[in-house]
Amino acid sequence: MTNPDNSSSPSPLILVDGSSYLFRAYHVPYLQALSTSYGQPTGAITGVLNMIKSLQKDYPTGNIVVVFDAKGKTFRNDLYTEYKANRPPMPDDLRTQITPLHNIIEALGLPLLVIEGVEADDVIGTLAHQASQIGMETIISTGDKDMAQLVNPHVRLINTMTNVELDEASVLEKFGVKPNQIIDYLALMGDKVDNIPGVDKCGPKTAAKWLTEHGTLEQVIKNAENVKGKIGEHLRNALGHLPLSYELATIKLDVTLPVKVDELKASQQNTDRLIELGKQFELKRLLADAEKQATTSTTATAEQTASSNPATKETDYQCILTQQDFDKWIEKLNGADLIAFDTETTSLNYMEAEIVGVSFAVSEGEAAYVPLAHDYPDAPEQLDRNEVLAVLKPILESPKIKKVGQHLKYDKNVLANYHINLQGVAFDTMLESYVLNSVATKHDMDSLAKTYLDINTIHFEDIAGKGAKQLTFNQISLDDAAPYAAEDADITLRLHNVLAKKLAEDSQLNSVFSDIELPLSSVLARMEQFGVLIDSQQLAQQSQDLASRIINLEKEVYELAGEEFNLGSPKQLQEILYKKMDLPVLKKTPKGAPSTAEEVLQELAISYPLPKLLMEYRGLSKLKNTYTDKLPKMINMRTGRVHTSYHQAIAATGRLSSTEPNLQNIPIRTEEGRRVRQAFVARPGYKIVAADYSQIELRIMAHLSSDKGLLAAFAAGRDIHTATASEVFSTPLEDVSTEQRRNAKAINFGLIYGMSAFGLSRQLNIPRHDAQKYMDLYFERYPAVLTYMENTRALAKEKGYVSTVFGRRLYLPEINSSNGMRRKGAERAAINAPMQGTAADIIKKAMLAVDQWIIEHTEDDIKMIMQVHDELVFEIKEHKIAEYQSKIIELMENAVSLSVPLTVEAGIGENWDEAH
DNA sequence: TACACGGCTTA
DNA sequence: GTAAGCCGTGTAA
């Protein structure tokens with residue numbers, strides 16, 4: 001963890017860059033989810049308070065001063081009107097946290113400085129400067145690299161979020177320039193975020209290179225004539241504004257402050273006020289600390305703050321090299337209530353991975369690593385892998401011996417290659433974290449340890465390096481490998497202890513974890529291991545056909561364009577289309593370049609010949625590059641099949657995702673695309689059965705809204721788009737035209753996506769007014785749907801999350817944002833998530849039911865091989881096909897019970913395309 | 001080698 | 001208008 005205070009002065013000055021941490025904390029996903037019961041966000045407050053607490057712990061004698069930016073313009077805006085002009089306004093859900101945070105800091109007794117007209121940086125610079133003059137040690141706690149200019153023998157930086165410390169030597173090491181060159185360095189690079197111009201294309205490396213050569217910005221400018229190449233031109237073009245950039249990057253050291261640096265001392269903590277604030281903002285830890293303080297009424301330094309109590313990490317990690325030690329651990333494992341378990345392997349690909357070692361933990365801090373196949377030069381003698389695995393097999397296969405792990409599906413797959421069938425998995429920390437908060441994008445162990453335990457774990461990159469030179473685990477020395485691997489098991493156990501407690505607080509969430517996600521991971525492991533059979537001959541043939549068609553298209557395009565260029569480059573294409581051929585620009589990309597996207601080309605194709613060829617080219621090259629060329633390469637030599645990975649902790653809504661290869665986006669819409677599906681085949685004697693839910697999300701909408709009309713339409717088994725059209729356009733069912741049905745279908749889909757009239761008008765290419773009319777009519781006919789949508793938005797705003805029918809949660813940190821775009825986006829997500837998420841819950845439950853039936857009632861004559869959100873694909877022995885097909889339909893349709901019937905359509909075929 | 005971008009594929 | 005993954009290009013290092 002952080003270095004203890006090793007400064008020479010007895011009580012160093014600690015300057016906290018409050019604004020920098022406020023922004024950072026605001027963007028930490030798990031903190032974003034925090035809010036009071038009445039919707040006031042508190043994540044940024046909590047984050048900053050945690051930081052302060054951490055500083056108090058690391059520097060018990062330190063004199064902490066917290067500095068924030070004031071509202072309004074600063075002198076830099078006077079220097080340069082464009083300064084920070086690109087910054088979006090501060091989001092509301094952040095702004096509302098500032099005053100409470102200031103109040104809490106004051107109640108803690110910490111000096112708080114908010115000076116108008118300058119930035120927090122300048123206040124910190126001034127204080128550090130004053131402190132240096134009287135020989136006072138200063139530690140600046142900030143996440144802002146610009147502050148490196150303030151470093152000197154008396155001043156160093158510490159980033160309390162990452163625990164990186166910067167003194168003079170490490171500034172040089174990190175940036176390649178000395179602290180007194182940092183301003184020059186920043187001026188050269190400019191700053192996109194603050195809108196400070198620099199030298200075009202000059203990044204950290206170039207800036208450091210020039211400054212190493214010439215010493216200062218002034219000298220670099222003097223030598224500008226001698227810099228060769230494009231970058232030299234850029235430098236010369238920048239000469240005019242570099243002095244301004246230099247001035248903007250310079251932190252002031254002479255701000256007029258209301259107090260002198262040696263007068264800044266912590267005052268008495270106001271415990272009553274802290275309790276009041278703790279209650280008001282529902283900050284449990286702040287409250288607990290303050291109440292403890294009140295009862296013990298000990299001396300009031302500014303010790304007590306809101307913060308987690310970082311687990312004191314006392315550890316006993318063993319590296320096991322002898323039979324005797326191993327035997328002892330086997331005993332421990334047999335006697336343990338719960339084993340944390342992890343494998344170390346040579347690859348992230350579960351089909352290729354070889355086991356290098358295994359680690360265990362049985363209680364917090366008590367863990368062991370058993371190296372088995374480290375083979376670097378002079379690696380010590382290790383226990384025999386086969387013998388160790390043979391001893392472990394009964395333990396790992398026992399359903400009675402409970403295990404916890406991080407992403408155990410991977411370990412289960414790897415162990416399967418050693419003929420060990422991992423059983424007794426009672427918990428998985430990755431899934432626990434995902435169920436608790438699916439919006440936090442990171443569910444890897446390092447992030448979880450930091451988030452939930454405040455522990456910085458050893459990262460794989462720390463011991464293995466990164467990039468092309470990264471070592472595989474077998475090449476890592478036991479000195480590095482053993483603490484890393486043992487820690488993995490230990491941390492997993494500690495994490496589980498925290499996460500399980502949180503899950504237990506909500507029975508529905510707990511059920512999503514233990515009744516859905518955990519058992520599903522084993523089902524997915526089986527699907528992954530079995531894989532799918534692919535006809536690589538067929539795909540190779542297709543690749544050839546595509547190649548020749550692509551070449552012909554290229555020729556035609558070159559002819560029309562009058563020159564050759566790279567068709568795959570949107571940039572070059574845009575030149576040709578809009579500069580050379582002067583076609584009208586119908587739409588721009590988010591970055592402002594004229595778009596060449598499909599919808600634009602489609603429009604242009606009406607009047608010009610080239611766009612149509614381009615669309616065809618793009619479609620074909622996508623097919624070839626992504627599917628027909630790639631899929632055959634992914635066939636596993638050993639099994640002859642393709643093994644995807646289903647990711648269970650990625651999609652915020654609860655869906656699965658699939659990678660390497662992604663089997664959830666195999667083409668279906670076009671004839672050429674469907675030929676790819678035809679290459680997904682069954683073994684001889686087997687056939688493919690594909691079963692998909694019909695209109696599942698609309699059915700869920702009917703269930704959630706309880707709209708009578710919608711429920712009746714589904715109950716009657718009507719085609720829902722025709723039924724909708726009939727209602728909206730007041731046309732008898734049998735008279736609904738294809739056009740009317742198409743429009744109704746667009747409305748139905750739009751509703752699921754939380755669309756606006758604007759979106760619908762674009763989709764249908766009709767005036768906004770007409771789109772609004774359709775929507776009004778729809779809501780008139782299905783009024784409960786409108787009520788449901790309104791209620792969902794309101795509930796999302798109130799609680800900060802929405803739920804599926806089965807209680808899975810999706811947090812929406814931006815639902816109360818002041819940024820209209822973001823807020824509207826969150827509102828759409830709020831509408832969509834209960835439907836998409838419930839559909840995900842349902843098919844997951846169906847998969848569990850089908851898997852259980854397969855295990856209990858069938859032999860090896862049926863395998864579930866793929867899941868594509870609302871569809872399950874099976875490989876089934878021919879003589880069982882009809883029987884199993886109807887059983888699958890029955891299990892899927894009855895996986896859950898809603899107020900609408902669920903219907904499943906299942907087809908049979910030689911390949912996946914035919915089965916549709 | 002690593003990343004952002006624009007584009008395309010699916011439910 | 002929701003949710004995903006992957007491709008080639010272009011760029012900086």
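A, B, ... follow the sequence lines: proteins, then strands. Residue 1 opens every chain. As a basis for the values below, the full set of heavy atoms in this structure was taken, side chains included, without hydrogen atoms, waters or symmetry mates.
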Listed once per pair and sorted, the side-chain hydrogen bond (donor to acceptor under 3.5 Å, both in side chains) pairs that draw on residues 669-678 of chain A, sequence neighbours left out: A/Arg549-A/Glu672, A/Glu671-A/Arg674, A/Arg677-A/His916, A/Gln678-A/Asp913
Within the 4.0 Å heavy-atom criterion, would you say A/Asn662 contacts the bases, only the backbone, or no part of the nucleic acid? sugar-phosphate
Considering only distance and modelled atom types, tabulate donor-acceptor pairs under 3.5 Å from the side chains of residues 828-838 of chain A, sequence neighbours left out.
{"residue": "A/Asn832", "atom": "OD1", "partner": "A/Gln836", "partner atom": "NE2", "Å": "3.1"}
{"residue": "A/Asn832", "atom": "ND2", "partner": "A/Ile752", "partner atom": "O", "Å": "2.9"}
{"residue": "A/Gln836", "atom": "OE1", "partner": "A/Thr653", "partner atom": "OG1", "Å": "2.7"}
{"residue": "A/Gln836", "atom": "OE1", "partner": "A/Arg655", "partner atom": "NE", "Å": "3.4"}
{"residue": "A/Thr838", "atom": "OG1", "partner": "A/Val805", "partner atom": "N", "Å": "3.1"}
{"residue": "A/Thr838", "atom": "OG1", "partner": "A/Pro834", "partner atom": "O", "Å": "2.5"}

Using a heavy-atom cut-off of 4.0 Å to chain A, what are the terminal contacting nucleotides of DNA chain C, in 5' to 3' order? C/dG1 to C/dA13
Pick base, sugar-phosphate or nothing for A/Glu660, based on heavy-atom distances below 4.0 Å to the nucleic acid. sugar-phosphate
Under 4.0 Å between any heavy atoms, over every strand shown, what does A/Asn566 touch: base, sugar-phosphate, or nothing? Just pick one. sugar-phosphate
Reading DNA chain C from 5' onward, which residue's closest nucleotide shows up sooner: A/Thr659 or A/Thr653? A/Thr653
Inspect the contact between A/Lys587 and A/Glu599 and indicate whether a charged nitrogen and a carboxylate oxygen are less than 4.0 angstrom apart. yes
Which part of the nucleic acid does A/Lys824 contact within heavy-atom distance under 4.0 Å: base, sugar-phosphate only, or nothing? nothing
Report which part of the nucleic acid A/Arg828 touches: base, sugar-phosphate, or nothing (heavy-atom distance under 4.0 Å, all strands). sugar-phosphate
Among residues 616-632 of chain A, which contact DNA chain C at a heavy-atom distance under 4.0 Å? A/Lys622, A/Asn625, A/Thr626, A/Lys630
Salt bridge (charged side-chain N to carboxylate O under 4.0 Å, His left out) involving A/Asp692 - partner list, sequence neighbours excluded: none
Quick one: list whatever passes side chain to side chain donor-acceptor pair (under 3.5 Å) with A/Thr804, sequence neighbours left out. A/Asp841
What nucleic acid atoms does A/Ile650 come within less than 4.0 Å of, heavy atoms only: base, sugar-phosphate, or nothing? sugar-phosphate
Sorted by chain and residue number, the side chain to side chain donor-acceptor pair (under 3.5 Å) partners of A/Glu554 (sequence neighbours excluded) come out as none
How is A/Ala652 classified with respect to the nucleic acid when contacts are heavy atoms under 4.0 Å: base, sugar-phosphate, or nothing? sugar-phosphate
Could you list the residues that satisfy side chain to side chain donor-acceptor pair (under 3.5 Å) with A/Trp912, not counting sequence neighbours? A/Glu871
Set of side chain to side chain donor-acceptor pair (under 3.5 Å) partners for A/Lys845, sequence neighbours left out: none
Under 4.0 angstrom, heavy atoms only, what part of the nucleic acid is A/Leu751 near: base, sugar-phosphate, or nothing? nothing
Evaluate the side-chain proximity of A/Phe565 to A/Val557: yes if any heavy-atom separation is below 4.5 Å, no if none is. yes
Would you indicate what A/Gly467 reaches in the nucleic acid, counting non-hydrogen atoms under 4.0 angstrom: base, sugar-phosphate, or nothing? sugar-phosphate
Span of DNA chain B in contact with chain A (heavy atoms, under 4.0 Å): B/dA2 to B/dA11
Please list all pairs meeting salt bridge (charged side-chain N to carboxylate O under 4.0 Å, His left out) that have one or both residues in residues 621-635 of chain A, counting only residues at least two apart or in different chains. A/Lys624-A/Asp629
Answer with base, sugar-phosphate or nothing: what part of the nucleic acid does A/Glu871 contact at a heavy-atom distance below 4.0 Å? nothing
Across all chains, not counting sequence neighbours, the salt bridge (charged side-chain N to carboxylate O under 4.0 Å, His left out) partners of A/Lys209 are none
